Student: 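Mind having a look at this structure? Questions to follow.
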Amino acid sequence: MLKHLKSKKARDESGLFMVEGEKFIAEIPESYTIIRYIASRKYADTHDLAPYNTRARCEVVRDSIFKSLADTVTPQGIIAVCEKIPHTLDAILQGRGELIRYTPFILMGENLNDPGNVGTLIRTAAAAGASGAIFTQGSCDVYSPKVLRAAAGAVLRLPIITNANAADTFAALAAADVPVFAAHPRGDTLPYDTNMRDSLCLLIGNESHGISQAAQAAAHTLIRLPMTSSTESLNASVAGSILLYEAVRQRLKT
């Protein structure tokens, strides 16, 4: 049964995930293998399924069964079951960017728990031309329906590493001469005074606790965003988006 793919454990074990809705399904890149489509009887009675069948078999199920698979309150009636694409840090470091010149430009989330924040950060990183994103063990699943919706399909366009071991990742970034710039409310550097034109990894920490002590020790620079004294902190996705686009601003001026 595909219903088990609604759990992170099943998605991790099977290497499969579900994409729901016509718009998101239409945007699935050719690089992804679609195992099958699932359509509700109501959808099949009012839509031509032939275009779906050119890429994978489209199975029609009772509306009640489809509703048990869907994550939305008012499902559109079509789901694609896809294989995950495994990405590696080496591939991200050697990838191709869309800015004037390519140097690794990576987003990293440590223990980010909110699907809305993770999805927004992925969407912003993709729009900013980032090389890829890394989410450590303890972060929410980027293939969960809530993250997929918040990212507006960007999960399928941006190379993403999930369940990463933080210590191993920091060591690999250091070996590749990619400095880690971490957002921190008591950082000693403003983003506007930080060189973001070269290789970098922007690190955003947990929504409540920020980055860990190990991450602070691994970070090349702790960056703070200027705020009035009455404001304690910014939402994780807002802070990350500001930093991503400060990097874009600097890189476009290079």
Side-chain angles (χ1 to χ4, degrees), residues 24 92 97-99 104-162 164 166 169 173 178-197 200-213 215-216 218-253:
F24 290 155
I92 290 175
E98 296 183 15
L99 297 175
F105 174 24
I106 300 168
L107 167 72
M108 183 174 176
E110 184 190 34
N111 299 323
L112 286 174
N113 302 141
D114 184 85
N117 282 337
V118 171
T120 299
L121 282 167
I122 291 171
R123 184 177 184 178
T124 306
S131 314
I134 303 167
F135 292 93
T136 67
Q137 296 163 352
S139 295
C140 67
D141 183 17
V142 305
Y143 297 100
S144 74
K146 289 182 174 61
V147 173
L148 289 170
R149 287 197 297 273
V155 169
L156 307 178
R157 300 191 299 272
L158 184 73
I160 301 174
I161 297 171
T162 62
T169 301
L173 289 169
V178 177
V180 175
F181 296 162
H184 195 287
R186 290 176 296 282
D188 51 11
T189 306
L190 295 177
Y192 323 111
D193 300 325
T194 304
N195 179 8
M196 297 185 177
R197 295 182 295 276
L200 80 154
C201 174
L202 289 175
L203 174 63
I204 307 298
N206 177 267
E207 291 87 349
S208 300
H209 308 295
I211 62 172
S212 65
Q213 290 293 327
Q216 288 189 48
H220 178 272
T221 303
L222 299 180
I223 301 176
R224 65 178 173 84
L225 290 168
M227 289 180 282
T228 62
S229 58
S230 60
T231 303
E232 182 179 336
S233 63
L234 289 176
N235 172 277
S237 61
V238 171
S241 296
I242 291 171
L243 293 175
L244 284 165
Y245 267 91
E246 172 57 20
V248 170
R249 184 191 71 81
Q250 292 186 24
R251 286 166 171 248
L252 290 176
K253 290 179 66 176

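Hydrogens, waters and symmetry mates are skipped; everything else that's a heavy atom, side chains included, is used. Predicted, not measured: the structure shown is a model, and the values here were computed from it.
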Student: What heavy-atom pair brings A128 and Y245 nearest, and what distance separates the two atoms?
Tutor: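 Closest pair (atom of A128, atom of Y245, distance): N-OH, 3.6 Å.
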Student: Where do Y143 and V155 come nearest, in terms of heavy atoms and distance?
Tutor: CE2-CG1, 4.0 Å
Student: If you apply the rule side-chain contact (heavy atoms from CB on, under 4.5 Å), what do you find for F105 with M196, and how did you get there?
Tutor: CA-CA 9 Å; F105 174 24; M196 297 185 177; over 6 Å; no
Student: Looking at S139 and T136, would you say the former's side chain and the latter's main chain have a donor-acceptor pair under 3.5 Å?
Tutor: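 Looks like yes, one N/O pair under 3.5 Å.
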Student: side-chain contact (heavy atoms from CB on, under 4.5 Å) between T194 and F181: does it pass, once the steps are laid out?
Tutor: CA-CA 9 Å; T194 304; F181 296 162; 3.6 Å; yes
Student: Applying ring pair (Phe, Tyr, Trp, His ring centres under 6.0 Å), can you list everything that pairs with F135, at least two apart in sequence or on another chain?
Tutor: none
Student: Can you give me the closest heavy-atom contact between P159 and R157, atom names plus distance?
Tutor: CD-O, 3.9 Å
Student: Could you state the interatomic distance from CG (L107) to CG (L200), rounded to the nearest 0.5 Å?
Tutor: 10.0 Å
Student: Roughly how far apart are L225 CG and M227 CE, rounded to 0.5 Å?
Tutor: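 Answer for the CG-CE pair, L225 versus M227, is 6.0 Å.
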Student: List the atom of D114, the atom of G116, and the distance in Å for their closest heavy-atom pair.
Tutor: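 Between these two residues, the closest heavy atoms are OD2-N, 2.9 Å.
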Student: Checking the side chain of E207 only, and the main-chain atoms of N113 only, is there a donor and an acceptor separated by less than 3.5 Å?
Tutor: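 Indeed, once roles are kept as given, a pair shorter than 3.5 Å links the two residues.
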Student: Grab the two heavy atoms, one from A164 and one from I134, that are nearest each other, plus how far apart they are.
Tutor: CB-CG2, 3.6 Å
Student: Can you check whether A215's main-chain N or O pairs, donor with acceptor, with E110's side chain at less than 3.5 Å?
Tutor: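 Not a single qualifying donor-acceptor pair exists.
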Student: Just wondering, do L243 and I204 contact through their side chains at under 4.5 Å, heavy atoms?
Tutor: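 In short, these two side chains touch, coming nearer than 4.5 Å.
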Student: Side chain of N111, backbone of N206: donor and acceptor closer than 3.5 Å?
Tutor: no
Student: If you round to the nearest 0.5 Å, how far is CG of L203 from NE2 of H220?
Tutor: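 Atom-to-atom, H220:NE2 and L203:CG are 14.0 Å apart.
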Student: Please check this pair: side chain of Q216 against backbone of L222, looking for a donor-acceptor N/O pair closer than 3.5 Å.
Tutor: no
Student: To the nearest 0.5 Å, how far apart are CG in L190 and OG1 in T221?
Tutor: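 Reported value, rounded in 0.5 Å steps: 12.0 Å.
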Student: May I have the step-by-step check of side-chain contact (heavy atoms from CB on, under 4.5 Å) for I223 and E246, ending in yes or no?
Tutor: CA-CA 12 Å; I223 301 176; E246 172 57 20; over 6 Å; no
Student: For the pair S237 (side chain) and L121 (backbone), establish whether a donor and an acceptor sit closer than 3.5 Å, ignoring hydrogens and angles.
Tutor: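 Here the side-chain-to-backbone pair does not exist.
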Student: Work out which heavy atom in P104 is nearest to a heavy atom in V178; give both atom names and the distance.
Tutor: CB-CG2, 4.4 Å
Student: When you compare the side chains of S241 and T124, does any donor N or O come within less than 3.5 Å of an acceptor on the partner?
Tutor: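 A donor-acceptor contact under 3.5 Å links the two side chains.
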Student: How long is the gap from OG1 on T189 to CZ on R224, to the nearest 0.5 Å?
Tutor: 8.5 Å
Student: Is the shortest heavy-atom distance from the side chain of V147 to the side chain of D141 under 4.5 Å?
Tutor: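 Counting from C-beta outward, V147 and D141 never come under 4.5 Å.
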Student: State which residues pass side chain to side chain contact (heavy atoms under 4.5 Å, CB included) with A152; sequence neighbours excluded, sorted by chain then number.
Tutor: R123
